[in-house]
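The structure displayed is predicted, hence computed values, not measured ones. Note that ligands are numbered from 1 as they come in the structure, with each ligand's atoms numbered from 1 the same way.
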Amino acid sequence: DAAVADDPLAALDAALEQAERDLLELGAVMAERVGPEEAEIMASHAVIARDPELRALAAEGVAAGRSPSEAVTAAFDTFIALLADVGGEVFGERTADLTDVRDRVVDLLEGRSTAVVLPDGPVVLVAPELLPSHTAAFPPELLLGVVTETGSPTSHASILARAMGIPAVVGCGGATTTVAGGEPMAIDGGTGEVLVAPSEADLERLRGAAARLAEREVSLRALRDRAGATADGVRIELSANIGSPDDLAVAIEVGAEGAGLVRTELLFEGRRTAPAVDEQAELYRRILAAFPGHRVVFRTMDIGADKPLPFVRRGREENPSLGLRGLRLHLAERELLRTQLAAVLRAADGASGGGAGSGRPAVMFPMVAAPSELDEALGELGGVVAAEGADGAGLEVGVMVEVPSAALDAARLASRVSFLSVGTNDLVQYVFAADRLNHAVSATGEAADPVVLRLIASVAAQGEANGAWTGVCGEAAGDPGLALVLVGLGVRELSMSARSIPAVKDALRRFTLDECRDLAALATAPDAGTAELRRHLDGLLPA
Ligand code: PEP
Ligand code: MG
């Protein structure tokens, strides 16, 4: 306000107090949603924000004529330099804490919003972008909808919104400047409509659409206990993608046949320190327990690019999606990989001890680009199995096929593992060289493109010839029409956002395998086109 703007010392105090309040609030949310350790870190940051010595030093700077943000920066940096002189690992951690709080206070002083300030009631969140780390602290019950300026249907903001059953419109350029906070809004995640101050007629129309959707969901519930299969009874496993413990409830509710992709990196996104073996094992055991008798595929943490994790600090990269991510990062940080593999083995051990009440664990490596990388990873797995004294024989191992080189050489990958799982989200971005996060290029390439579908057909054929089954775990698997095509191409498992399972199950039950094969032939024919395919598939399925 005006008083604060005219008085730099008041501005400094206001920012420090605001930072402390935000941190205490964030700590309370973290305690519930992430864990006590993260909550404690937030509490310790709140203590830093109200440190009297820091405040006194910053106030001296202001008195000497510096701007509040310069003065705060200098004060924090003085303390950081002091700690650096002391040295040691603990002091390194403390330095990181001070840097975090410094940046938060400076952001507040310069009018940039920091992290998550929770609203009083449910809202439509309008933001430039939504990173996985933002959502860790945002209680889903406060989210009615999400509108982001960047992103595409396969960006993690969309995947998370889908998992939570929240309508989302992404790639809505200018949204944050067009929408003033506090206005009534209506959005349609199906059509991408965003209406500010909607008319009564528009509201009526959107409410009608939402009601029809809810009705269809209710009618599909009848399929819950039926297995995934084509009309002629060919089994197709319909499993869930899991990114948080909250996803388990939905997966159980819809009758998911296991988890075809546990995005383990998302389980730890709120953390600043790497989770230890036993903590990971405990969480994996909980996930296994949710799927008695079914396979649960733990993907080793796919860190990097769109999914940075604070506890892995590497240098900045010009092109992070083409950089050190997924398995490549693991091979550079092997302890992280070994810890995780040990955790899966321990969870597996506990699980088999629990008998039929638990799922069958499998491990899958992300972003594999060449057989040599897979060999390195399998070598590490062998080492961990020996070190743990575990029986590795029962552990299925798979590879994500999401890099074109892996798809082209799927035969050699398949000969080394039990299954291949096509990650269409990344495969599409790498086949078309179009960043999945960049709205400006999101019209370039999609999974329904014949180029991608032919590649998937080739992967499934190479897999089959080399003794590995093929699944799909990208967003394409949850698209009922495309799911038919994928099955026709030779895919035998589809893993998707759990909420998509009922509609995909319903679609599959309407067509025989031969009919799916005909659709696949149509979709990959020399003159095939994406738009025609979409129209054709839409005409076959209930709206
Ligand atoms: C994919 O790339 O298709 C995939 C399933 O993995 P993620 O979306 O987590 O990158
Ligand atoms: Mg991927």
note = Given a cut-off of 2.8 Å, the protein N, O or S atoms lying below it from the Mg ion (ligand 2) are E402 OE1, D426 OD2
request  = Could you tell me the separation between the CE atom of M496 and the CD1 atom of I501, rounded to the nearest 0.5 Å?
outcome  = 5.5 Å
ask   = Can a salt bridge be assigned to the pair R334 and E376 using a cut-off of 4.0 Å between side-chain N and carboxylate O?
value = yes
remark   = In this structure, CD1 of I456 is separated from OG1 of T424 (nearest 0.5 Å) by 6.0 Å
request  = Evaluate the side-chain proximity of V417 to F365: yes if any heavy-atom separation is below 4.5 Å, no if none is.
outcome  = no
note = Close residues (non-hydrogen atom under 4.0 angstrom from ligand 1) work out to H156, I159, L261, R263, R299, D302, K307, M400, E402, G423, T424, N425, D426, R436, C473, G474
inquiry  = Just by distance, no angles: are the side chains of S321 and Q429 close enough, under 3.5 Å, to form a donor-acceptor pair?
reply    = no
key: Check ion pair D426-R436 (N to O, under 4.0 angstrom)   = yes
key: Test item: R286 and P245 side chains (from C-beta on) under 4.5 Å apart, heavy atoms   = yes
inquiry  = If we check side chain to side chain contact (heavy atoms under 4.5 Å, CB included) with L455, which of these qualifies: V422, V401, V431?
reply    = V431
Whether W469 and F419 hold their rings parallel, tilted or perpendicular, with breakpoints at 30° and 60° = parallel
